[in-house]
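The structure under discussion appears below in the form of structure tokens.
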Amino acid sequence: ALGDLRQRVAEAQQQTAAELAERDATIAKLTSDREKLETYTKKTLGNVQEKYSVLVQTYKNQIRDKQERISRLEGELERHRRELASSREFSAVTPNGGGGETCV
């Protein structure tokens, strides 16, 4: 009976050791999978952030260029308005509508 009991204890120990080894293998695989997923996520996030930064800089440059163009065109418009007003004033004070002809 004692030998039978020892045999059952030995079998139980072997089964427990096998279950522990299986759990350890599962834990190691899950840990590895988690590390791979974290690495992939960090890499993907870095790529997205880089693309976002490039797009933001591109749009900022485009906005700056458009603002410079608007400022330039506004300056040209103002210059044309002044020239038009000046030519109207000149026409108003010269005889014959500013044709440069003199009355005889």
Side-chain angles (χ1 to χ4, degrees):
L2 186 59
D4 192 34
L5 184 59
R6 284 184 181 169
Q7 184 179 355
R8 281 195 274 166
V9 168
E11 288 173 0
Q13 285 176 336
Q14 287 176 348
Q15 184 178 357
T16 302
E19 288 173 0
L20 286 175
E22 186 178 330
R23 283 186 185 171
D24 288 344
T26 301
I27 290 171
K29 182 178 180 342
L30 290 173
T31 300
S32 173
D33 290 349
R34 185 190 77 215
E35 289 171 357
K36 288 177 185 176
L37 182 59
E38 286 175 353
T39 300
Y40 170 78
T41 303
K42 287 177 185 177
K43 181 181 176 184
T44 302
L45 178 61
N47 290 339
V48 169
Q49 287 174 329
E50 183 179 337
K51 288 178 183 180
Y52 176 79
S53 294
V54 168
L55 282 175
V56 166
Q57 190 59 47
T58 299
Y59 291 141
K60 283 181 179 181
N61 291 341
Q62 288 176 353
I63 288 170
R64 186 195 68 237
D65 293 345
K66 299 288 184 190
Q67 287 173 335
E68 289 173 358
R69 184 169 184 232
I70 288 169
S71 295
R72 183 177 46 82
L73 291 173
E74 286 175 341
E76 288 179 21
L77 179 61
E78 187 59 34
R79 183 175 49 83
H80 288 301
R81 285 182 178 159
R82 283 193 307 267
E83 289 174 1
L84 181 60
S86 175
S87 68
R88 285 183 182 162
E89 290 173 11
F90 181 72
S91 295
V93 290
T94 55
N96 298 326
E101 301 171 2
T102 55
C103 294
V104 182

One should read off an interatomic distance between R8 CZ and Q15 CD, to the nearest 0.5 angstrom, of 13.5 Å

Separation between CD (Q62) and CZ (R69), nearest 0.5 Å, reads 13.0 Å

Heavy atoms, side chains only, cut-off 4.5 Å: are E22 and E19 in contact? no

Student check: side-chain heavy atoms of D65 and E68 closer than 4.5 Å: yes

Can you tell me how far apart CG (L55) and CD (Q57) are? Round to the nearest 0.5 Å. 11.0 Å

Quick check for you: to the nearest 0.5 Å, what is the distance between I27 atom CD1 and K29 atom NZ? 13.5 Å

For a 4.5 angstrom cut-off between non-hydrogen side-chain atoms, does T26 reach L30? yes

Counting distance only, does the side-chain N/O of S86 pair as donor-acceptor with the main-chain N or O of R82 below 3.5 Å? no

Checking the side chain of S87 only, and the main-chain atoms of L84 only, is there a donor and an acceptor separated by less than 3.5 Å? yes

Would one find more than 12 heavy atoms of other residues, nucleotides or ligands at under 6.0 Å from atom CZ of R64? yes

Do the side chain of S71 and the main chain of Q67 share a donor and acceptor less than 3.5 angstrom apart? yes

L73 vs E76, side chain to side chain contact (heavy atoms under 4.5 Å, CB included): CA-CA, chis, key distance, verdict: CA-CA 5 Å; L73 291 173; E76 288 179 21; 4.1 Å; yes

Rounded to the nearest 0.5 Å, what separates atom CG in L77 from atom NE2 in H80? 7.5 Å

Neighbour count >12 (heavy atoms, 6.0 Å) for atom CZ, R88: no

